[in-house]
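One structure is given below, encoded as structure tokens.
All of these numbers come straight from a predicted model, not from anything done at the bench.
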Amino acid sequence: MVPPAGRQKRTDSTFVSRGHDSGTDAGPIVALVPEGAREVRITVRSDSVILTAPSQPSEPPETSLRNRFSGTIERLESGDAITRVTIRLDDDCTVQALVTKTSADRLELEDGKRILAAFKATAARAIALDADARE
């Protein structure tokens, strides 16, 4: 099925955490984790990821964003109104964001550019992978 003009398919970024202290393949992520879970898969909807220029403070003083990552834009997929941005956080990890074309233009997004990606802890959905926590 092809999305209507001006719309993009929503995508998720997925991270796996093995133990609360080890973080994920992207680094530590603050998320609501099911009680008793030792291993979880964390997904973040691409429309929940906020992009900011690296010149902005890494921890703005007045925000509820708990997860912040620095990366490099690896791919831009532009539609009529929405642009899907794939950001490489490290060799094995990417995160995707959906932004309006206006925001993509304002941020001057282009392949290879450094960017900050952020999302709230409530946007990070943790699903238990270990059987004990799912029972």
Side-chain angles (χ1 to χ4, degrees):
M1 180 175 141
V2 176
R7 294 190 181 184
Q8 291 272 341
K9 180 181 84 166
R10 180 184 62 80
T11 54
D12 294 330
S13 299
T14 303
F15 311 96
V16 175
S17 173
R18 291 175 178 80
H20 296 293
D21 295 332
S22 65
T24 70
D25 45 357
I29 292 179
V30 178
L32 301 175
V33 176
E35 187 174 334
R38 292 184 312 272
E39 185 175 4
V40 296
R41 173 172 288 127
I42 300 170
T43 61
V44 179
R45 287 176 39 147
S46 55
D47 58 355
S48 296
V49 176
I50 297 164
L51 301 181
T52 56
S55 59
Q56 297 297 314
S58 62
E59 294 201 29
E62 303 293 328
T63 182
S64 61
L65 294 171
R66 304 276 307 276
N67 297 290
R68 293 177 191 85
F69 300 94
S70 177
T72 302
I73 297 174
E74 181 175 270
R75 184 171 165 186
L76 296 168
E77 298 172 59
S78 296
D80 292 338
I82 303 292
T83 299
R84 182 190 335 253
V85 184
T86 302
I87 301 128
R88 170 97 22 220
L89 302 179
D90 64 27
D91 288 340
D92 297 323
C93 188
T94 61
V95 66
Q96 289 190 340
L98 289 180
V99 297
T100 63
K101 186 156 177 33
T102 301
S103 289
D105 291 343
R106 188 172 44 80
L107 289 168
E108 299 176 344
L109 300 182
E110 59 186 35
D111 288 348
K113 182 175 183 172
R114 297 291 294 170
I115 196 81
L116 298 175
F119 51 90
K120 294 173 54 169
T122 55
R125 306 285 184 228
I127 302 158
L129 295 177
D130 40 332
D132 295 343
R134 289 183 275 164
E135 294 176 357

Inset, instruction - Kindly write out the residues that satisfy side chain to side chain contact (heavy atoms under 4.5 Å, CB included) with Arg106, not counting sequence neighbours, or none if the list is empty. - result: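 In terms of side chain to side chain contact (heavy atoms under 4.5 Å, CB included), with neighbours along the sequence ignored, Arg106 is linked to Ser103.
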Legend entry - Minimum heavy-atom distance Leu89-Gly71, with the two atoms named: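 Scanning both residues completely, I find the closest heavy atoms to be CD2-CA, 4.3 Å.
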Nearest 0.5 angstrom please: [X] [atom1] to [Y] [atom2], how far?
{"X": "Thr94", "Y": "Ile87", "atom1": "OG1", "atom2": "CD1", "result": "8.5 Å"}
{"X": "Thr86", "Y": "Gln96", "atom1": "OG1", "atom2": "CD", "result": "4.0 Å"}
{"X": "Arg75", "Y": "Thr83", "atom1": "CZ", "atom2": "OG1", "result": "12.5 Å"}
{"X": "Asn67", "Y": "Ser48", "atom1": "CG", "atom2": "OG", "result": "11.5 Å"}

Legend entry - Heavy atoms from other residues, nucleotides or ligands near CZ of Arg88 exceed 12 (cutoff 6.0 Å):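 Above 12, so yes.
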Inset, instruction - Run through the side-chain heavy atoms of Ile, Leu, Val, Met, Phe, Trp and Tyr, join any pair under 4.5 Å, and report what else lands in Leu65's cluster. - result: Ile50
Which atom pairs, donor and acceptor, lie under 3.5 Å between side-chain atoms of residues 109-129 and protein residues at least two apart or in another chain?
from, atom 1, to, atom 2, distance (Å)
Lys113, NZ, Leu107, O, 2.6
Lys113, NZ, Glu108, O, 3.2
Arg114, NH1, Thr72, OG1, 2.8
Arg114, NH2, Ser70, OG, 2.7
Arg125, NH1, Thr122, O, 2.5

Inset, instruction - Applying side chain to side chain contact (heavy atoms under 4.5 Å, CB included), run through Val49 and Val95 and close with a yes or a no. - result: CA-CA 8 Å; Val49 176; Val95 66; 4.1 Å; yes
